[in-house]
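Here's the structure, in structure tokens; my notes come after.
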Amino acid sequence: MVLAWYMDDSTDDQRLKHHMTPPQYVSLATLKENTGVLYWKLNPESYETDGQLEKIKSDRGYTYTDVIQVSPDKLPNYETTIKRFFEEHIHTDEEIRFVLEGSGYFDVRDSHDKWIRIAVDVGDLLILPAGIYHRFTLDSKNYIKAMRLFIGEPVWTPFNRPADDMDARKQYIEHQKSGF
Ligand SMILES: CSCCC(=O)C(=O)O
Ligand SMILES: [Fe+2]
């Protein structure tokens, strides 16, 4: 089950939960209204045949899929890559991830520039809109396997903050003002 919460300001291990005291959770509805992040829960046992993933793919035009595994032995240049995932950045396209095994945290900035931590695990399909400031980290279990989806030829290029002058960022801010 996906859960999201506001993060504390501690600079401790990024893989910890970083709850506020007391914890301050964010509902999926609020997450969507405030940030444009979308979420589906799919059945990890039957997603290949039950049509749910196929429907999302055809509704949203996703034509490309691959699978990424993040662990020291599976991911090339592991240390460098996980550092890059955790640098605050945007993309010019949506970031779409469907968790097949393991778990992790996507952190996104809300409309007041506060970090919201989204905990994903098996069956969670998360869509981060183009232009949202975000980052990714493994949690303390240290492993995730996820499907990546894309419209057309994938572009994974991160643009680290500050990227406020980019069109994708400006368009994101406009959407946020007018309501997702
Ligand atoms: C959960 S997939 C691993 C992270 C990733 O692909 C990304 O941050 O772009
Ligand atoms: Fe990203």
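Note that the numbering runs from 1 along the sequence shown for the chain. As the structure lists them, so they are numbered: ligands from 1, and atoms in each ligand from 1.
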- Message: So, regarding Arg148 and ligand 1 (criterion: nitrogen or oxygen to nitrogen or oxygen, under 3.5 Å), is there a contact or not?
- Response: no

- Is the Tyr105 ring parallel, tilted or perpendicular to the Trp5 ring (thresholds 30°, 60°)? perpendicular

- For ligand 1, which part of Val70 has a heavy atom less than 4.0 Å away: the side chain, the backbone, both, or neither? side chain

- Does Phe106 have a heavy atom less than 4.0 Å from any atom of ligand 1? yes

- Message: Distance under 4.0 Å to a non-hydrogen atom of Ile144: what atoms of ligand 1 satisfy this?
- Response: 1 (C)

- Message: Please tell me whether Tyr62 and Glu94 have a donor and an acceptor in their side chains that are separated by less than 3.5 angstrom.
- Response: yes

- Within 45° of the ring axis of Tyr133 and under 6.0 Å from its six-membered ring centre, is that where the NZ or CZ of Arg161 lies? yes

- Side-chain donor-acceptor contact under 3.5 Å, Glu95 with His134: yes

- Item | Residue portion contacting ligand 1 (non-hydrogen atoms closer than 4.0 Å) for Ile68 | side chain

- Item | Ring geometry between Tyr47 and Phe98 (parallel below 30°, tilted from 30 to 60°, perpendicular above 60°) | perpendicular

- The N/O/S atom of Glu95 lying closest to the Fe ion (ligand 2) is OE1

- Tell me which protein heavy atom sits closest to atom 9 (O) of ligand 1, plus the residue, atom name and distance to 0.1 Å. Arg97 NH2, 2.8 Å

- Message: How wide is the angle at the Fe ion (ligand 2) spanned by His134 NE2 and His91 NE2, rounded to 10 degrees?
- Response: 100°

- Evaluate the ring planes of Phe136 and Phe85, with Trp represented by its six-membered ring, and classify them as parallel (under 30°), tilted (30 to 60°) or perpendicular (over 60°). perpendicular

- Message: Using a 4.0 Å cut-off to any heavy atom of Glu95, which atoms of ligand 1 qualify?
- Response: 7 (C), 8 (O), 9 (O)

- For atom 4 (C) of ligand 1, what's the nearest protein heavy atom and its distance? Phe136 CD2, 3.5 Å

- Would you call Asp59 and Lys55 a salt bridge, taking side-chain N to carboxylate O under 4.0 Å as the test? yes

